[in-house]
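Index from 1, following the sequence.
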Amino acid sequence: MTVNRMLPAALAALLAAGACATGSGTPSGTPAATPAATPAATPAAAQAPASAATPLSISDPWVKTARSGMSAAFATLVNTTGEEVTVVAASTPVSPSVELHEVVGDGGATTMRRKQGGVVIPAGGRHVLQPGGDHIMLMNVRTAIEPGAEVPFTLTLKDGRTVSFTAVAKDFAGANESYAPHE
């Protein structure tokens, strides 16, 4: 009879100990991260954090408002790895055709064109996508991009991995470059 009374108490203690060992997500004997060691959360539109599977952090993403036609997206791409990372493509549901572009000068005029080879971010470095420079070009925008809208994007890396982020739509007059699609 004494064994039958002790068995439920022993089982409860064993279950409680098991929950403590695995509840934090760390292996038994490994200290859990302290709250001070955990980075503060940031809004998705402000930054997409990098992880072991995602070697880029996206800072300050935004997209130019547009009713139709062309638009562009901008951000700072931060490489959190010790190796060069190359972005070879981008996509968004608001446009069927998205290209990585650069702006080049030619006799005082500037022209935007497809960036051959993609956008290369050096190991531990950053690359700024900005008006008048490298950017993500949206062609044939099929859904109006209104001020304040949150527009999802996916970047495809040379190794096949993808990085997703959300950009906030802002009004911007543009740098008035011409477009040379075949250069």
Give me the atom names and distance for the closest heavy-atom approach of [X] to [Y].
X: Pro61; Y: Ala75; answer: CA-CB, 3.7 Å
X: Glu102; Y: Arg114; answer: OE2-O, 4.1 Å
X: Thr166; Y: Glu150; answer: CG2-CB, 3.5 Å

Residues in side chain to side chain donor-acceptor pair (under 3.5 Å) with [X], at least two apart?
X: Thr156; result: none
X: Ser97; result: none
X: Thr154; result: Ser164

Please report the interatomic distance [atom1]([X]) to [atom2]([Y]), rounded to the nearest 0.5 Å.
X: Leu100; Y: Gln116; atom1: CG; atom2: CD; answer: 10.5 Å
X: Asn79; Y: Thr86; atom1: CG; atom2: OG1; answer: 9.5 Å
X: Leu56; Y: Thr76; atom1: CG; atom2: OG1; answer: 11.5 Å

With sequence neighbours excluded, tell me which residues meet salt bridge (charged side-chain N to carboxylate O under 4.0 Å, His left out) with Asp159.
Arg161
Going by the rule salt bridge (charged side-chain N to carboxylate O under 4.0 Å, His left out), which residues pair with Glu146 if we only count those two or more places apart in sequence or in a different chain?
Arg67
Sequence neighbours excluded, which residues qualify as side chain to side chain contact (heavy atoms under 4.5 Å, CB included) partners of [X]?
X: Ala72; value: Phe74, His135, Met137
X: Ser95; value: Thr92, Val98, Leu138
X: Lys170; value: Trp62
X: Pro96; value: Asn140, Arg142

Qualifying salt bridge (charged side-chain N to carboxylate O under 4.0 Å, His left out) pairs with a residue from residues 76-94, counting only residues at least two apart or across chains:
none
Which side-chain N or O atoms in residues 118-133 pair as donor and acceptor under 3.5 Å with protein atoms at least two apart or in another chain?
from: His127; atom 1: NE2; to: Asp134; atom 2: OD2; distance (Å): 2.7

Any non-hydrogen side-chain atom of [X] less than 4.5 Å from a side-chain atom of [Y]?
X: Phe153; Y: Ile58; answer: no
X: Met70; Y: Met139; answer: yes
X: Pro93; Y: Thr143; answer: no
X: Leu157; Y: Val87; answer: yes

Quick one: does any side-chain atom of Thr162 pair with a main-chain N or O of Leu155 as donor and acceptor, under 3.5 Å?
no
Using the ring-ring contact (aromatic ring centres under 6.0 Å, His included) rule, collect all pairs that involve residues 75-94, keeping only residues at least two apart or in two chains.
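Non-adjacent pairs meeting ring-ring contact (aromatic ring centres under 6.0 Å, His included): zero.
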For a quick check under 3.5 Å, do Asp171 and Thr65 share a side-chain donor-acceptor pair by atom type?
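On atom types as modelled, these side chains qualify, holding a pair under 3.5 Å.
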